[in-house]
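Data first, discussion second: the structure below is written as structure tokens.
Sequence lines set the chain letters: A, B, ... in the order given, protein chains first and strands last, and positions in each chain run from 1.
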Amino acid sequence: MSARLPRGFADRGPAELAATRDMLDTIRKVYERYGFEAVETPAFEYTDALGKFLPDQDRPNEGVFSLQDDDEQWLSLRYDLTAPLARYVAENFDRLPKPYRSYRAGWVFRNEKPGPGRFRQFMQFDADTVGSGSVAADAEICMMAADTLEALGIARGDYVIKVNNRKVLDGVMEAIGLAGDANAGRRLTVLRAIDKLDRLGVEGVRLLLGPGRKDESGDFTKGAGLDENIADLVATLFRPGQGSPQIPWDSIKNIPLAHVGWAERERSFIQDLEFIESNYLTVDMFGFVTWDLLRKNQLEWNDTLETGIRELIEISRLVEKAGFARDRIRIDPSVVRGLEYYTGPVFEAELTFEIPGDDGKPVRFGSVGGGGRYDGLVSRFRGEKVPATGFSIGVSRLAAALQKLGKLASAEPAGPVVVVPRTAALAPHCMRLVQRLRDDEALRALPGFAAEMYLGGGSFKGGLRYADKRRCVVAIMIGESEAEAGKAVVKDLIEGAEQAKAIETNAEYRAQRLAQFEAAEAELPAAIREILARHTV
RNA sequence: GCAGCUGUAGCUCAGUUGGUUAGAGCGCCUGACUGUGGAUCAGGAGGUCGGUGGUUCGAGUCCACCCAGCUGUACCA
């Protein structure tokens, strides 16, 4: 039998654990400052509570890890933290304050094809506001996401929280005649195509919206089958970075409304925009461009679309007033996200900086989190409607990005002070000594201080080799003569290694006892503190 | 899932048109060094060449299938 790690799972060493712990701590502080409170739910849920099982099968869908309980009920490992929260809120609805603001971190599991940076178990850190239908809740979540990324050390300008609204997408679908249950499949295809804008570009997406697309490997993806001009319209409309469309603000303002003959509702909508400050230009323009494109294609404006755009404008207004400019939170119509349960605003946190990859080509990390409004999730468990919105950070992915940025400790933490007995008979003497170090007030006050006696057998040098591998800074050596004299030899391992680089010959090496000195037992803590201080800053 | 590429020591890789006992560097272990990691020197362990079957006098090398990995694509609640 060979020892092997299951595909798509990862072991984590001390360096990674320490880094993740720091990261979670930082995120938690931001969330708590916003007034969110902690909750934890288990890794397993009843499969139906996760809301995903195929209609005509009694077996849970692939994609989740599932097993049958002894009462034959299906259990699944959670694939995100949102569905379990909905279950928790529904189950404890009466005693929770509303709106309920909660955060939680935990492992989630997906039974999918793993890849570089894609695991079948990974950590998410979520925050949600349940019980508020106000777009202020959505705006706040976006603000918090931006603050969180900055708290983690990502500079302003190196990230952006992109915001869109499912109602806009739905409204456009409606306008191009894809409303209704009969078109659900094609709607999905269109949404997926839009989702790929950043990767495939406008051309690729236009193909996906129309006849279909063949990729480099020759694989063919079936398209949505839209008419060419409609595909054009959709691809243009949801182009990413829509922030600077071709039409300048002035030309919108100066449109002679009466002359174009807009319907009353449309006119009032556009007139509204005139009162909006220039910072909301993106949404305004998007609204106008949408309106204009629809009109040119003889398609109708609709309520869903208007509501969606008005919500986006409102969110822009809120975050702007709170001091979040467009370099942090930005409306981007190409954001699609979670195709299933989102009902309103959707968000995506994206890292915008590039880093040279292994092959030298610049690599973007892209999305490190996302979320949105899911007004239907909790109500699956209760009669009444419970609006909710939330955001989820992909911890592992973000950690990888931070590591590349150098914002995360990547080195293994320094090892303990190791006391090495010269012979086995000295073990009691050393054990007493090491315990005195652990009990020393001043040493204990040092962050991360640890002391241990070398427990390995073999030769004396084994102890030093061990200290080396553990990245220890200080070794204490005790032989018979030292024990009798109540003394110890203290060695600065880092300084010793440094000095050894200059040594060329064996004789010289033997002659030197690099970076070590003898100290009385009582002076040990002070000597150790001095060496540690030398190397920890 | 589909397509293309790749599988030689713990790691990174060599291995000539198919030809003897398959190599290197790093790492690991042991020793030298009067009681010392890191320097130096000497030695050692470790591979059914991803697996199975085939072609051949002979296969790490050629062929088929399988498995695994990488890349793209699809899916990702």
Side-chain angles (χ1 to χ4, degrees), chain A residues 2-4 7-8 45 47 49-54 60-64 76 78-84 86 108-116 118 120 122 188-189 192-193 195-196 199-200 204 208 212-222 336-342 357-359 367 370 374 376-377 380 392 394 415 418 420-423 426 454 458-483 489-516:
Chain A
S2 63
R4 55 202 194 104
R7 206 160 66 96
E45 293 283 346
T47 301
L50 294 178
K52 186 70 173 197
F53 50 100
L54 295 175
N61 195 0
E62 289 176 25
V64 294
S76 295
R78 61 187 176 193
Y79 52 77
D80 69 15
L81 297 179
T82 309
V108 301
F109 304 83
R110 295 189 186 177
N111 195 0
E112 295 164 358
K113 174 187 163 184
R118 284 183 64 121
R120 296 203 285 175
F122 57 96
L188 212 61
T189 310
R192 283 174 188 157
D195 201 26
K196 294 181 179 68
R199 211 157 29 107
L200 303 181
L208 280 178
R213 173 180 177 272
K214 192 184 279 192
D215 68 50
E216 306 90 86
S217 68
D219 203 19
F220 183 77
T221 310
K222 200 171 58 153
V336 177
R337 287 211 62 85
L339 309 167
E340 208 75 11
Y341 57 56
Y342 291 119
D358 297 335
D359 52 359
S367 172
Y374 49 99
L377 257 194
R380 293 191 306 125
S392 173
V418 172
V420 186
R422 168 79 191 120
T423 66
L426 290 166
Y454 176 61
S459 60
F460 178 51
K461 62 165 43 171
L464 285 169
R465 254 204 274 264
Y466 170 82
D468 198 38
K469 269 213 167 119
R470 286 287 308 267
R471 301 165 158 273
C472 297
V473 174
V474 179
I476 311 284
M477 294 170 278
I478 311 278
E480 285 88 346
S481 49
E482 285 84 7
V489 176
V490 182
K491 190 175 183 86
D492 178 338
L493 293 170
I494 293 181
E495 182 60 28
E498 192 55 41
Q499 291 178 14
K501 284 180 187 161
I503 292 187
E504 301 274 322
T505 70
N506 197 4
E508 195 182 349
Y509 171 74
R510 270 169 46 210
Q512 305 273 358
R513 285 287 178 256
L514 293 174
Q516 65 186 60

Taking only residues two or more places apart in sequence, or in another chain, which ones meet T189(A) in a side-chain contact (heavy atoms from CB on, under 4.5 Å)? A224(A)
Between [options], which one does the side chain of [X] approach most closely?
{"X": "A497(A)", "options": "U36(B), C75(B), G37(B)", "result": "G37(B)"}
{"X": "M477(A)", "options": "U36(B), A74(B), G37(B)", "result": "U36(B)"}
{"X": "R110(A)", "options": "A74(B), A77(B), G37(B)", "result": "A77(B)"}
{"X": "K469(A)", "options": "C29(B), U36(B), C76(B)", "result": "C29(B)"}

If I pick the [atom1] atom on [M] and the same atom on [N], what distance separates them, to the nearest angstrom?
{"N": "A42(B)", "M": "G58(B)", "atom1": "P", "result": "43 Å"}
{"N": "G46(B)", "M": "A24(B)", "atom1": "P", "result": "15 Å"}
{"N": "C62(B)", "M": "C5(B)", "atom1": "P", "result": "14 Å"}
{"N": "A14(B)", "M": "G72(B)", "atom1": "C1'", "result": "30 Å"}

One should report the stems of RNA chain B, each a stretch of at least three consecutive Watson-Crick or G-U pairs at distances under 3.5 Å, as B:1-7 with B:67-73, B:10-13 with B:23-26, B:28-32 with B:40-44, B:50-54 with B:62-66
OP1 or OP2 of [N] less than 4.0 angstrom from a side-chain nitrogen or oxygen of [X], does that happen here?
{"X": "R422(A)", "N": "U34(B)", "result": "no"}
{"X": "K196(A)", "N": "C75(B)", "result": "yes"}
{"X": "K461(A)", "N": "G37(B)", "result": "yes"}

On a plain distance test, is the side chain of [X] in donor-acceptor contact with the base of [N] below 3.5 Å?
{"X": "E482(A)", "N": "G35(B)", "answer": "yes"}
{"X": "R192(A)", "N": "C75(B)", "answer": "no"}
{"X": "K113(A)", "N": "U73(B)", "answer": "yes"}

Give me each pair satisfying salt bridge (charged side-chain N to carboxylate O under 4.0 Å, His left out) with a member in residues 491-500 of chain A, each pair once, sequence neighbours excluded. D492(A)-R534(A), E498(A)-K501(A)
Polar atom pairs between nucleotides 67-70 of chain B and protein, under 3.5 Å, N or O only, would you list them?
residue, atom, partner, partner atom, Å
G69(B), OP2, R7(A), NH1, 3.4

Using modelled atom types only, decide if a donor and an acceptor are shared between the side chain of K196(A) and the backbone of R192(A) within a distance under 3.5 Å. yes
Answer yes or no: is there a donor N or O on one side and an acceptor on the other, between the side chain of R78(A) and the main chain of A83(A), under 3.5 Å? no
Across the strands shown, which category fits Q516(A) at heavy-atom distances under 4.0 angstrom: base, sugar-phosphate, nothing? base
Let me know, please, whether G479(A) or E498(A) comes out on the 5' side of the other along RNA chain B by nearest nucleotide. G479(A)
Please enumerate all residues that pass salt bridge (Lys or Arg N to Asp or Glu O under 4.0 Å) together with E480(A), with sequence neighbours excluded. none
Across all chains, not counting sequence neighbours, the salt bridge (Lys or Arg N to Asp or Glu O under 4.0 Å) partners of R118(A) are E112(A)
Sequence neighbours excluded, which residues qualify as side-chain hydrogen bond (donor to acceptor under 3.5 Å, both in side chains) partners of [X]?
{"X": "R470(A)", "result": "E452(A), Y466(A)"}
{"X": "R471(A)", "result": "none"}
{"X": "D468(A)", "result": "none"}

Could you tell me whether the side chain of R422(A) reaches within less than 4.5 Å of the side chain of E482(A), counting heavy atoms only? no
Kindly state whether the pair Y466(A) / G37(B) counts as stacked, where counting means centroids closer than 5.5 Å and planes tilted less than 30° apart. no
